[in-house]
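Worksheet: one structure, shown below.
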Amino acid sequence: AQRVTQPEKLLSVFKGAPVELKCNYSYSGSPELFWYVQYSRQRLQLLLRHISRESIKGFTADLNKGETSFHLKKPFAQEEDSAMYYCALGRSGGGADGLTFGKGTHLIIQP
Amino acid sequence: NAGVTQTPKFRILKIGQSMTLQCAQDMNHNYMYWYRQDPGMGLKLIYYSVGAGITDKGEVPNGYNVSRSTTEDFPLRLELAAPSQTSVYFCASSYSGTAYEQYFGPGTRLTVT
């Protein structure tokens, strides 16, 4: 069975400090990995996915298959980054059976 | 484009009652999903559909039913509501399979008492 673990329920950092939100996964195949974000009073939306290898809003995430991790990083946190962040795993091969989500990390950026 | 819409936003049900959660999308996506999110937990897949007339069970389908008669609509039916079904329900759609971005609705907060 596939599983996603986000060990931090809450992460509080000061503005301008680096941020790292941890995500570890368990899956026997080759995973599709995503970070979704939910800002206050907004709906859940895609932040980035590993296959595109891009930086969105200054965030990056690298898939480390050896450590089965997909940590989300940003070098300098901004107050508007405060939100709930969910790591999600999908099966490779374009299957349609939905995503497996972690429990989420509430990121608070203090001024 | 409205994207993915869900109704109602909130609902309180008594044990044993039934209801249908509505979900619609105007992006012409073939793939649609229903998730539930319990407090402090991640989203869990209830049912999904890859096109009109085709549905399949997800991780937690018990107590729910779905239908997909059109590309746009994917209603979720709760029969004989139980307190364990108290949750926030999210509908999502995507252009294609899991590797593609999923677009989420605003959610329906359901309480069963």
Side-chain angles (χ1 to χ4, degrees), chain A residues 1-10 21-27 29-54 56 63 70 83-106, chain B residues 1-6 9 23 25 27 29-52 54-61 64 66 68 74 76 87-109:
Chain A
Q2 51 202 63
R3 188 169 63 246
V4 175
T5 303
Q6 293 179 251
E8 302 128 336
K9 205 170 181 176
L10 174 67
L21 286 78
K22 292 187 168 50
C23 172
N24 288 90
Y25 67 90
S26 172
Y27 178 53
S30 186
E32 304 279 358
L33 283 155
F34 307 84
W35 278 98
Y36 279 80
V37 60
Q38 187 169 28
Y39 300 102
S40 178
R41 286 185 287 280
Q42 294 187 29
R43 57 185 70 189
L44 198 60
Q45 59 188 281
L46 178 68
L47 179 62
L48 55 79
R49 51 189 154 186
H50 89 273
I51 198 168
S52 56
R53 302 182 66 84
E54 57 194 343
I56 304 290
L63 175 59
F70 188 56
M84 279 295 299
Y85 290 80
Y86 296 93
C87 184
L89 168 73
R91 296 196 202 195
S92 58
D97 52 356
L99 296 171
T100 298
F101 284 84
K103 293 183 181 181
T105 297
H106 187 187
Chain B
N1 278 357
V4 179
T5 58
Q6 291 183 239
K9 284 190 171 58
C23 173
Q25 53 91 9
M27 297 174 280
H29 286 167
N30 282 322
Y31 292 68
M32 295 188 74
Y33 310 85
W34 273 106
Y35 295 91
R36 60 175 285 176
Q37 184 178 29
D38 300 331
M41 302 295 286
L43 282 70
K44 292 188 177 179
L45 185 68
I46 306 172
Y47 270 96
Y48 65 97
S49 169
V50 302
I54 307 169
T55 62
D56 207 346
K57 295 177 181 179
E59 183 184 356
V60 289
Y64 306 95
V66 293
R68 184 98 181 268
F74 189 39
L76 177 73
S87 192
V88 181
Y89 291 83
F90 291 100
C91 180
S93 73
S94 65
Y95 168 73
S96 188
T98 307
Y100 287 78
E101 176 176 1
Q102 292 190 12
Y103 294 82
F104 283 83
T108 295
R109 187 175 295 275

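By convention in this document, chain letters (A, B, ...) are assigned in the order of the sequence lines, proteins followed by strands, and residues within each chain are numbered from 1.
A:Phe101 places none of its side-chain heavy atoms less than 4.5 Å from the side chain of B:Lys44.
One N or O on the side chain of A:Arg43 and one on the backbone of B:Val4 form a donor-acceptor pair closer than 3.5 Å. Distance alone, capped at 3.5 Å, is enough to place a donor-acceptor pair between the B:Tyr35 side chain and the A:Leu99 backbone.
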When you look at A:Leu44 and B:Leu43, which way does the side-chain contact (heavy atoms from CB on, under 4.5 Å) test go after all the steps? CA-CA 11 Å; A:Leu44 198 60; B:Leu43 282 70; 4.0 Å; yes
Please evaluate residues B:Phe104 and A:Gln38 with respect to the criterion side-chain contact (heavy atoms from CB on, under 4.5 Å), reporting the C-alpha separation (whole Å), side-chain torsions for both, the decisive distance (0.1 Å), and the verdict. CA-CA 10 Å; B:Phe104 283 83; A:Gln38 187 169 28; over 6 Å; no
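In terms of heavy atoms, A:Arg49 sits closest to B:Tyr100 at NH1-CA, 3.8 Å.
Residues A:Tyr86 and B:Gln37 have side chains that bring a donor and an acceptor to within less than 3.5 angstrom of each other.
Within 6.0 Å of OH on A:Tyr39 lie more than 12 heavy atoms contributed by other residues, nucleotides or ligands.
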